Amino acid sequence: MSYISKEEKQIPINDPSGKWSDLYLMPEWEEKYYDVYTVKKHGKWVMLKALKKEYADKPEYQAMLEKEFDVRYNLCHPNIVMVNDLEVVPGVGKAIITDDVYGYSLRRLIDEKRLTPKIVHRLQTQLLDAMEYIQENHIKHIPITPETIIFTEYNENLKLTNVGFDQSGKLTEQDTRADIESYGKVVNEVLDNLPTSLPKLRKIARKCEEKHPYRTVADLQLAIEKRNSSQLYVVLCVFILLMVGLLVWLTFAG
């Protein structure tokens, strides 16, 4: 089940059919127009995204919820939380049903000083893969932030929770640049909270927020790959030098 903190509270749910049980409101995941819940459906944990009470009866917001479901339903990527259905849930109303995520938001991990090298690596690989997929499918979405990034509890895989409210024939340059800027902000905040400095990654993250950043996600991926390849090259050179030194020592020692 998704991480339940002290802020989350259990909501009474009356469902004579027994289909739904153990409903929790999750303030950590709430959005401007939506509340987010975790609940058991036929005994299996799922997550719900439903309109806040003040918007639930207004046709324009109901249409917005249905539009988001239509946009996200056909998306399929390992680093995006999958949408499964649109259903009326007792005590909640019409809700988007998604996979449950066993894990923690990047915001929580930053605040609790629980960042790891694997998380940094996932931001350089899995987050960019998800961003590229979203752009390839021309998906419009709210900015990517530490609140919309989840890392699974056991293997620290990255999942994006809020990836689309509309789909267009082609994204504008402004849409693409907004994603790259969001990426820079996320990585810079992570670097601000690491116990060590990563100057090359910092340089890339800062460029994402400049007036003339990387033009596409592919350009950003290439910059990251060059950085990682450079580090690997240095490691290999050091290893070779050590091996040569060892061989020389063994030759003279013999």
Side-chain angles (χ1 to χ4, degrees), residues 2-3 5 7 28-31 77-81 101-135 139 141-163 171 173-239:
S2 304
Y3 179 87
S5 68
E7 290 77 21
E28 181 179 357
W29 312 114
E30 75 171 329
E31 302 171 23
H77 191 277
N79 302 120
I80 291 175
V81 175
V101 181
Y102 297 77
Y104 309 85
S105 71
L106 179 58
R107 169 60 60 212
R108 185 183 291 271
L109 295 172
I110 290 173
D111 291 346
E112 295 180 358
K113 303 186 185 305
R114 295 170 56 194
L115 298 171
T116 67
K118 186 179 286 187
I119 286 173
V120 176
H121 178 68
R122 300 294 197 223
L123 293 173
Q124 297 176 72
T125 53
Q126 294 181 344
L127 178 54
L128 288 177
D129 286 344
M131 288 169 57
E132 184 176 42
Y133 176 81
I134 290 168
Q135 291 194 357
I139 304 299
H141 57 92
I142 67 170
I144 295 169
T145 66
E147 287 77 14
T148 65
I149 299 171
I150 297 178
F151 287 92
T152 54
E153 184 175 8
Y154 300 110
N155 53 18
E156 294 180 341
N157 277 327
L158 182 148
K159 299 279 186 179
L160 281 180
T161 62
N162 195 334
V163 295
L171 294 181
E173 182 180 348
Q174 183 178 356
D175 291 328
T176 303
R177 290 186 62 173
D179 277 350
I180 292 172
E181 183 178 350
S182 294
Y183 180 82
K185 288 179 179 178
V186 168
V187 174
N188 271 318
E189 183 172 358
V190 167
L191 293 175
D192 287 342
N193 289 275
L194 288 179
T196 184
S197 63
L198 297 172
K200 291 184 178 179
L201 183 57
R202 175 74 79 177
K203 183 179 179 180
I204 291 171
R206 284 175 175 166
K207 184 173 179 179
C208 290
E209 297 190 65
E210 291 177 357
K211 186 176 181 181
H212 301 290
Y214 300 99
R215 195 169 54 87
T216 65
V217 173
D219 291 340
L220 177 52
Q221 287 174 313
L222 183 60
I224 294 287
E225 289 168 4
K226 284 183 177 179
R227 168 190 172 271
N228 291 340
S229 296
S230 176
Q231 288 183 331
L232 179 60
Y233 177 76
V234 171
V235 171
L236 287 173
C237 286
V238 171
F239 177 76

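What you see is a predicted model; the values in this text were computed from it and never measured. All residue numbers in this chain count up from 1 along the given sequence.
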Measure the spacing between [atom1] of [X] and [atom2] of [Y] and express it to the nearest 0.5 Å.
X: E156; Y: Q126; atom1: CD; atom2: CD; value: 10.0 Å
X: L160; Y: L158; atom1: CG; atom2: CG; value: 5.5 Å
X: Q135; Y: I180; atom1: CD; atom2: CD1; value: 6.5 Å
X: T148; Y: K159; atom1: OG1; atom2: NZ; value: 14.5 Å
X: L106; Y: I150; atom1: CG; atom2: CD1; value: 10.5 Å
X: N79; Y: M131; atom1: CG; atom2: CE; value: 12.5 Å

May I ask you to decide if [Y]'s main-chain N or O and [X]'s side chain share a donor-acceptor pair within less than 3.5 Å?
X: R215; Y: R177; answer: no
X: S197; Y: P199; answer: no
X: K207; Y: R202; answer: no
X: T125; Y: H121; answer: yes

If I compare all heavy atoms of [X] with all of [Y], which pair ends up nearest, and what's the gap?
X: N162; Y: E31; result: ND2-OE1, 2.7 Å
X: L198; Y: L194; result: CD1-CD1, 4.0 Å
X: F151; Y: L109; result: CD1-CD1, 3.8 Å
X: S105; Y: E147; result: CB-O, 4.4 Å
X: L115; Y: V190; result: CD1-O, 3.8 Å
X: Y183; Y: Q124; result: OH-CA, 3.5 Å

Minimum side-chain heavy-atom gap [X]-[Y] below 4.5 Å:
X: I144; Y: H141; result: yes
X: I80; Y: I134; result: yes
X: K200; Y: I204; result: no
X: R108; Y: D111; result: no
X: R114; Y: I119; result: no

Legend entry - Residues in salt bridge (Lys or Arg N to Asp or Glu O under 4.0 Å) contact with E30, at least two apart in sequence or another chain: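 Applying salt bridge (Lys or Arg N to Asp or Glu O under 4.0 Å) to E30 gives K52.
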Inset, instruction - Please determine if E181 and K185 form a salt bridge, counting it only when a charged side-chain N lies under 4.0 Å from a carboxylate O. - result: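 Yes, E181 and K185 are salt-bridged.
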Inset, instruction - Check the pair L128 / L123 against side-chain contact (heavy atoms from CB on, under 4.5 Å), numbers first and verdict last. - result: CA-CA 7 Å; L128 288 177; L123 293 173; over 6 Å; no
Inset, instruction - Assess the side chains of R206 and N188: does a donor N or O sit below 3.5 Å from an acceptor N or O? - result: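 On atom types as modelled, these side chains do not qualify, holding no pair under 3.5 Å.
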Inset, instruction - Taking atom types as modelled, find out whether S182 and D179 have a side-chain donor-acceptor pair closer than 3.5 angstrom. - result: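 No, no side-chain donor-acceptor contact under 3.5 Å.
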Legend entry - Test ring pair (Phe, Tyr, Trp, His ring centres under 6.0 Å) applied to Y133 - qualifying residues, sequence neighbours left out: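 Per chain and number, Y133 pairs via ring pair (Phe, Tyr, Trp, His ring centres under 6.0 Å) with H77.
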Inset, instruction - Let me know which of L127, I149, N157 forms a side-chain contact (heavy atoms from CB on, under 4.5 Å) with R122. - result: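 Only one option passes, and that is N157.
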Legend entry - side-chain hydrogen bond (donor to acceptor under 3.5 Å, both in side chains) against T176, all qualifying residues, sequence neighbours excluded: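 Result, side-chain hydrogen bond (donor to acceptor under 3.5 Å, both in side chains) vs T176: none returned.
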Inset, instruction - Starting from the C-alpha separation in whole Å, work towards a yes-or-no answer on side-chain contact (heavy atoms from CB on, under 4.5 Å) for T216 and E132. - result: CA-CA 9 Å; T216 65; E132 184 176 42; over 6 Å; no
Inset, instruction - Decide salt bridge (Lys or Arg N to Asp or Glu O under 4.0 Å) for R107 and E189; before the verdict, give the C-alpha distance in whole Å, the side-chain angles of both, and the deciding distance to 0.1 Å. - result: CA-CA 10 Å; R107 169 60 60 212; E189 183 172 358; 2.5 Å; yes
